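For clarity, every value in this text was computed on a predicted model and none was experimentally measured. Protein chains get the first letters and strands the later ones, always in sequence-line order, with residue 1 at the start of each.
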Protein chains: 2
Amino acid sequence: MKIMHKEHTLTKNQQIIFDLIDKSPEPLKAYSILHNVQKKGIKAPLQVYRVLDKLIEIGKIHKIESRNAFIACHNSSCQVAKATAFSICEMCEKVTEISSAGLSKYLANFKDKDGMKYSKYNLEFFGLCKKCRT
Amino acid sequence: MKIMHKEHTLTKNQQIIFDLIDKSPEPLKAYSILHNVQKKGIKAPLQVYRVLDKLIEIGKIHKIESRNAFIACHNSSCQVAKATAFSICEMCEKVTEISSAGLSKYLANFKDKDGMKYSKYNLEFFGLCKKCRT
DNA sequence: TTTAGATTGTTATAATATAACACCATGTAA
DNA sequence: TTACATGGTGTTATATTATAACAATCTAAA
């Protein structure tokens, strides 16, 4: 059964910032985004943060909490906005979104001591990527 | 088999700040810590951050990344410094460290697509705590 | 004792994020 | 049409979180 999602038509600012993040091979920081879009008329931090908040809300991007950086979602968009997992290389800072059915199933069904389940989670794995291990 | 850990004798500043965090029922923010220890002679942010870094390194406290706040470790101290899991109530902001053998085993053994394992992880679950759900 | 390492104290500054307010665009309901 | 609700924008100012750089001190081990 296919879950339907509302299509969010991005506004001008949202599109500019999303494109930038989406094209980036690495997570971008808010002020780096700001510097990159100033020529397009987005001049103030708040304009960037507002767009980032919105893009996160609709699942187009995720925040890498341990790095204060933002990355485009590559897991069939917004479906996993509330259940995110990443691997982070501590050497080169490469970040990859993990899409593992097993992992997301395990975490979605995880119950704590009191039997409580959680609707939302963020998991960050740290280590050395293939390249940096050699 | 019992794993041995080096005993870290805390210095004066480290002890002051650890005691404060350890006694707190909730995660503390760096500048809140600063305000609370200024009467004890710790006057500058950097003094606080240095101690926080050290306490994290030796596993006495953890950082709640999504909240920029610090909490004492209650899982037999430093053993799990590199494998942390928390539940966070989005209403009252109560944070609890999760100690589940099953969970830590699952995550420690998790392999990504490339068969890579990670030595370190941080997991944050979000939801409503018992109290806030009623 | 001397050297290495960690810790401290201090001033300044960088990096990350939000408050508050006015204005504008769009859709929709009376 | 009006009016009103919602969400987005632009702007200035400010709050919050964190680090740089440098000198002094302490402690443990050679």
Side-chain angles (χ1 to χ4, degrees), chain A residues 6-21 24 26-71 78 88 90 93 95 122 124, chain B residues 6-21 24 26-71 78 88 90 93 95 122 124:
Chain A
K6 192 182 170 210
E7 270 310 312
H8 289 273
T9 316
L10 300 186
T11 65
K12 183 164 150 274
N13 285 1
Q14 288 165 1
Q15 193 68 57
I16 290 169
I17 288 175
F18 175 71
D19 285 346
L20 183 66
I21 296 172
S24 169
E26 63 205 335
L28 295 178
K29 305 205 141 217
Y31 276 70
S32 147
I33 292 168
L34 177 59
H35 294 138
N36 274 284
V37 297
Q38 276 179 327
K39 47 180 169 285
K40 303 205 171 163
I42 299 173
K43 292 176 204 154
L46 195 43
Q47 293 177 290
V48 172
Y49 280 104
R50 279 196 292 225
V51 167
L52 291 175
D53 286 348
K54 189 66 187 181
L55 292 174
I56 288 168
E57 186 193 324
I58 65 181
K60 303 283 286 180
I61 65 170
H62 304 302
K63 180 173 186 182
I64 310 299
E65 292 286 356
S66 66
R67 299 298 186 260
N68 299 317
F70 303 86
I71 192 174
C78 27
I88 302 172
E90 292 187 295
E93 292 294 324
V95 173
N122 180 55
E124 299 181 4
Chain B
K6 191 181 172 212
E7 270 310 312
H8 288 273
T9 316
L10 301 185
T11 65
K12 183 165 151 273
N13 285 2
Q14 288 167 359
Q15 192 68 57
I16 290 168
I17 289 176
F18 175 70
D19 284 346
L20 183 67
I21 297 171
S24 169
E26 64 206 336
L28 294 178
K29 306 205 140 215
Y31 276 72
S32 146
I33 291 168
L34 176 59
H35 294 138
N36 273 283
V37 296
Q38 277 180 328
K39 46 180 169 285
K40 302 206 172 162
I42 299 173
K43 291 176 205 156
L46 195 43
Q47 294 177 289
V48 172
Y49 280 104
R50 280 197 290 225
V51 167
L52 291 173
D53 286 348
K54 189 67 187 179
L55 291 174
I56 288 169
E57 187 193 323
I58 64 180
K60 302 285 287 181
I61 66 171
H62 304 303
K63 180 173 185 181
I64 309 300
E65 292 286 356
S66 66
R67 300 298 186 260
N68 299 317
F70 303 86
I71 192 175
C78 26
I88 303 172
E90 291 186 297
E93 292 295 324
V95 173
N122 179 57
E124 297 181 3

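- In the 5' to 3' direction, nucleotides of DNA chain C lying under 4.0 Å from heavy atoms of chain A begin and end at C:dT16 to C:dA20.
- Contact annotation: B:Lys29 side-chain N/O to D:dT17 OP1/OP2 distance is under 4.0 Å.
- Contact annotation: A:Thr11 side-chain N/O to D:dG7 OP1/OP2 distance is not under 4.0 Å.
- Looking only at side-chain heavy atoms (C-beta outward), A:Ser66 and B:Asn122 stay at 4.5 Å or farther from each other.
- In this structure, CG of B:Asn13 is placed 13 Å from P of D:dT27, rounded to the nearest angstrom.
- Between the CZ atom of B:Arg67 and the P atom of D:dT17 there is a distance of 12 Å, given to the nearest Å.
- Inter-residue side-chain proximity for B:Ile33 and B:Leu52 is flagged as met; some heavy-atom pair is nearer than 4.5 Å.
- The side chain of B:Asn68 contributes no N or O atom lying less than 4.0 Å from OP1 or OP2 of D:dT17.
- Heavy-atom minimum distance, A:Thr9 versus A:Gln14: O-OE1, 4.3 Å.
- Taking CD of B:Glu93 as the start and CD of B:Glu26 as the end, the distance is 9.5 Å to the nearest 0.5 Å.
- Separating the CD1 atom of A:Ile58 from the C1' atom of D:dG7 is a distance of 13 Å, rounded to the nearest angstrom.
- Residues A:Lys29 and A:Leu34 are not in side-chain contact: their nearest non-hydrogen atoms beyond the backbone lie 4.5 Å or more apart.
- Of all the heavy atoms in A:Ile17 and A:Gln47, the pair that sits closest is CD1-O, 4.5 Å.
- Within the model, atoms CD1 of B:Ile16 and CD1 of B:Ile42 stand 4.5 Å from one another, a figure rounded to the nearest 0.5 Å.
- DNA chain D lies under 4.0 Å from at least one heavy atom of each of the following residues of residues 34-57 of chain A: A:Lys43, A:Ala44, A:Leu46, A:Gln47, A:Arg50, A:Lys54.
- Closest non-hydrogen pair, B:Leu10 versus B:Phe18, comes out as CD1-CB, 4.0 Å.
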